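Notes follow once the structure below has been shown.
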Amino acid sequence: MRTALVAGNWKMHKTLPEARELVSALREGLEKLRPGSSEIEVLICPPVHMLFPMAKAVAGSRVLLGAQNAHEASFGAFTGEVSVQMVAETGCTHVIIGHSERRHIFGELNPVLNKKVRAVTGAGLIVIYCVGETLADREANRTQSVIEKQLSEVLSADVSPAKLVLAYEPVWAIGTGKTASPEQAQEVHSFIRGKLIGLYGKPGGDGVRILYGGSVKPDNADSLARQPDIDGMLVGGASLVADQFLAIIGATLAEKRNKSPAGS
Ligand code: PEP
């Protein structure tokens, strides 16, 4: 059974004191939830300048630390950039790559995303690779072909499935308050699962977690998490509010327990 994962993408939000307060509330809330280590993982992805202090803030807790992006080169003349090696030095274990804001605002295309994904997994970190269609793509029935391209052009054979997490984030649902219905999300997750099995074989592809992201809130997390191929959430806005993020973690954990055969 796949371990669930709930990841918070803080984007460019929070001051350092606010971040410390949020982590402290998360730690307290997780103590009460008492999840088993193979049941669920919880990850926060703060802005890059906070990675060192947040590594201290989460130390000794169940909260893992991730970066929102990283450059594909290890070192070099790339003013303003931070490499995978650099974020790893802070204690990061995960890096988000290919978020739709990176694709659409910063113009990151599949070839550079392939380099970034390989840099992350090559350094031994876990990549959360984001895919998803725009509203225009969905309305033109291009959802599957867009996602197929985002997978085939980025996940080369040297990307280990053991270091890979997928996140399906329909662009039209990110930060808009519109969520894919659980059925719409499951349909795409199942499509992605088939592609991963095609790429990595049955055990490899079956083991990759596929998160859903796009306006996940406490009131829709349970119906999404109930779907067989939804293994957790990538949460933006609601991850900035401790009570909301904890409620999403709690709902995902409860559904994970319902899905697991007894004892697994
Ligand atoms: C995201 O930033 O990845 C995201 C899904 O944001 P939100 O939850 O706010 O839609």
Side-chain angles (χ1 to χ4, degrees), residues 4-14 18-19 22 26 41-48 50-51 54 63-70 87 92 94-108 113 116-117 120 126-135 137-138 143 146-147 150 154 164-182 184-186 188-189 192 209-225 227 229-252 255:
L5 170 62
V6 178
N9 173 15
W10 292 6
K11 308 192 186 187
M12 202 170 74
H13 291 293
K14 296 281 178 202
E18 287 168 348
L22 175 55
L26 270 184
E41 292 172 346
V42 175
L43 174 74
I44 56 165
C45 301
V48 70
M50 289 189 196
L51 290 174
M54 287 303 101
V63 183
L64 301 167
L65 191 65
Q68 298 173 16
N69 180 39
V87 298
C92 267
H94 295 63
V95 185
I96 300 173
I97 295 292
H99 190 280
S100 72
E101 287 152 17
R102 299 296 317 172
R103 291 181 191 265
H104 298 294
I105 303 174
F106 300 99
E108 293 186 0
L113 295 176
K116 287 184 177 218
V117 164
V120 174
I126 292 171
V127 66
I128 300 180
Y129 173 55
C130 303
V131 297
E133 80 287 4
T134 63
L135 188 57
D137 293 330
R138 179 160 278 268
T143 299
V146 165
I147 289 172
Q150 291 170 336
V154 173
L164 178 65
V165 174
L166 254 287
Y168 168 55
E169 297 208 310
V171 180
W172 49 272
I174 297 177
T176 59
K178 290 184 196 153
T179 323
S181 69
Q184 280 174 321
Q186 168 58 26
V188 179
H189 280 231
I192 294 172
R209 288 167 296 173
I210 310 175
L211 313 183
Y212 171 79
S215 297
V216 177
K217 305 287 175 211
D219 62 358
N220 58 25
D222 53 354
S223 56
L224 288 161
Q227 303 303 312
D229 286 295
I230 297 185
D231 303 310
M233 312 293 164
L234 179 52
V235 187
S239 73
L240 300 171
V241 183
D243 286 352
Q244 291 191 21
F245 195 49
L246 283 163
I248 292 168
I249 295 165
T252 306
E255 293 304 330

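Below, all heavy atoms of this structure are taken into account, side chains as well, without hydrogens, waters or symmetry copies. Everything numeric here is computed off the predicted structure, so don't read it as measured data. For reference, positions follow the sequence shown, starting with 1. Ligands are counted one by one from 1 in listed order, and the atoms in each one are counted from 1 as well.
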Self-check item: Matching residue for Val131 among Val146, Ile210, Ile147, Val188 - test: side-chain contact (heavy atoms from CB on, under 4.5 Å)
Solution: Ile147
Exercise. Write down the atom of Thr179, the atom of Gly214, and the distance for their closest heavy-atom approach.
Key: CG2-O, 3.4 Å
Exercise. Starting from atom 8 (O) of ligand 1, find the nearest protein heavy-atom neighbour and note its residue, name and distance.
Key: Gly236 N, 2.8 Å
Quiz item: For ligand 1, is any non-hydrogen atom under 4.0 Å from Ile174's backbone (N, CA, C, O), its side chain (CB onward), both, or neither?
Solution: both
Practice problem: Could you check atom 1 (C) of ligand 1 against the protein and tell me its nearest heavy-atom contact, residue, atom and distance included? | Solution: His99 NE2, 3.2 Å
Quiz item: Has ligand 1 got any nitrogen or oxygen that is less than 3.5 angstrom from a nitrogen or oxygen of Ala238?
Solution: no
Quiz item: How far is atom 5 (C) of ligand 1 from its nearest protein heavy atom, and which residue and atom name does that atom have?
Solution: Glu169 OE2, 3.1 Å
Quiz item: To the nearest 0.1 Å, how far is atom 9 (O) of ligand 1 from its closest protein heavy atom, and which atom is that?
Solution: Gly237 N, 2.9 Å
Quiz item: Is the closest heavy-atom distance from Cys130 to ligand 1 below 4.0 Å?
Solution: no
Quiz prompt | Per-atom contacts of ligand 1 with Ala173, taking only distances under 4.0 Å to non-hydrogen atoms | solution = 10 (O)
Practice problem: Using distance alone, decide if ligand 1 has a nitrogen or oxygen within less than 3.5 Å of any nitrogen or oxygen in Ser215. | Solution: yes
Quiz item: With only distance considered, is Lys217 within less than 3.5 Å of ligand 1 through an N or O on each side?
Solution: no
Practice problem: Quick one: closest heavy-atom pair of Asp229 and His189, and the distance? | Solution: O-ND1, 2.9 Å
Practice problem: Would you mind telling me which of Leu224, Ile230, Val235, Val6 makes a side-chain contact (heavy atoms from CB on, under 4.5 Å) with Thr252? | Solution: Val6
Quiz prompt | Nearest heavy atoms of Gln68 and Trp10, plus distance in Å | solution = NE2-C, 3.9 Å
Self-check item: Lys11, any N or O under 3.5 Å of ligand 1 N or O
Solution: yes
Quiz item: Do Glu101 and Ile174 have side-chain heavy atoms sitting under 4.5 Å apart?
Solution: yes
Exercise. Could you say whether the N/O atoms of Gly175 and ligand 1 ever approach to under 3.5 Å?
Key: yes
Quiz prompt | Min side-chain heavy-atom separation Leu113-Arg103 under 4.5 Å | solution = yes
Quiz item: Going by the order shown, which atoms of ligand 1 are within less than 4.0 Å of some heavy atom of Gly214?
Solution: 5 (C), 10 (O)
Exercise. Just jot down the ligand 1 atoms closer than 4.0 angstrom to any heavy atom of Asn9, in number order.
Key: 1 (C), 2 (O), 3 (O)
Quiz item: Would you call Glu41 and Arg209 a salt bridge, using N to O less than 4.0 angstrom?
Solution: yes
Self-check item: Minimum-distance pair of heavy atoms, taken over all atoms of Ser215 and Gly177
Solution: OG-N, 2.8 Å
